Amino acid sequence: MTAPMPVRPPEPPEKPPPATLRKAAVKIPGRRRPSRLLAPLRETGKLFALAVAVARAIFRRPFQVREFIEQFWFVASVTILPAALVSIPFGAVIALQVGSLTQQLGAQSFTGGASVLAVIQQASPLIVALLISGAAGSAICADLGSRKIREELDAMEVMGVSPIQRLVVPRVLATMLVAVLLNGLISVVGTLGGYFFNVIMQDGTPGAYLASFSALAQLPDLYISEVKALIFGFIAGIVAAYRGLNPRGGPKGVGDAVNQSVVITFMLLFFVNMVLTAIYLQIVPAKGS
């Protein structure tokens, strides 16, 4: 009798390749890696999306009154004194420069109106914007960025609390309100500083200074100044909140986000100021024209 044939044991199944290799091996037709050239466009779109979300959340309940009051007091406390101190040399420089030019042209009687209009329409909103973005915006960005890396914002979303409505909206509204109030303060202090330096240092007459101001200035000049301050405060708050909500690289990324928020805000403010000024000069005619 013949011996039974040996039975070959079944081979163990092959191990599937690692997930990383499977992902690398699978190629999706028609799908490309995102281009780095489109990164600024994506960031711009996300920034506008956040601005729209904040604008919608302003009118939703519940409104965080306590958070708004705290942020308003904080933003005002860090910007009032620097604004008053910076507006004096700004008004003085504008008054001295405009006074020197008007003397060369033989139109010294228009020094007051020209310098005051320059302070109210251009210098005051820009000073407000720079102070809001540099002092308050950097603090807002650092606060939100530290909350993000500690995963506090993720925990709020898990609990059903919107970080935009709870944290971003009160801060943006605080920057807007403080910007409008600071704009009035800087306009008054800058005008008084220009008046002092023109009358004392350039031997101008107070009557001619005030008469030229009343002859050239009009109420829409103050309106456009306040509108600029309001828009600049909104932009500063939105950019600071956006960079704070999207830090990269841990604690170091928070510091980088603060620097980026200030730079981006400055660029946007000067561009928006140019657009608003051009629109205003086209819509509102000069006084007496």
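What you see is a predicted model; the values in this text were computed from it and never measured.
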With the side chain counted from C-beta on, respond yes when Leu50 and Ile164 share a heavy-atom pair under 4.5 Å apart, and no when they do not. yes
Partners passing side chain to side chain contact (heavy atoms under 4.5 Å, CB included) against Val158 (at least two apart in sequence or in another chain): none
Side chains of Val258 and Arg243, heavy atoms from C-beta outward: is any pair under 4.5 Å? no
For Arg60, enumerate each residue passing the side chain to side chain contact (heavy atoms under 4.5 Å, CB included) test, keeping only those at least two apart in sequence or located in another chain. Arg56, Gln165
Nearest heavy atoms of Asn183 and Ala229, plus distance in Å: CB-CB, 3.7 Å
Heavy-atom nearest pair, Val254 first then Pro247, reads CG2-CB, 4.2 Å
Mind listing the closest non-hydrogen atom pair of Phe270 and Phe266 along with its distance? CD1-O, 3.0 Å
Starting from the C-alpha separation in whole Å, work towards a yes-or-no answer on side-chain hydrogen bond (donor to acceptor under 3.5 Å, both in side chains) for Ser124 and Lys228. CA-CA 9 Å; Ser124 180; Lys228 283 184 178 181; over 6 Å; no
Taking the side chain as C-beta and beyond, is there a heavy-atom pair between Ser225 and Gln121 under 4.5 Å? no
What residues, two or more places apart in sequence or in another chain, satisfy salt bridge (Lys or Arg N to Asp or Glu O under 4.0 Å) together with Arg61? none
Side-chain contact test, heavy atoms from C-beta onward, threshold under 4.5 Å: evaluate it for Asp143 versus Arg171 and give yes or no. yes
What I want to find out is whether Asp154 reaches Lys148 closely enough, with some N-O distance under 4.0 Å, to be called a salt bridge. yes
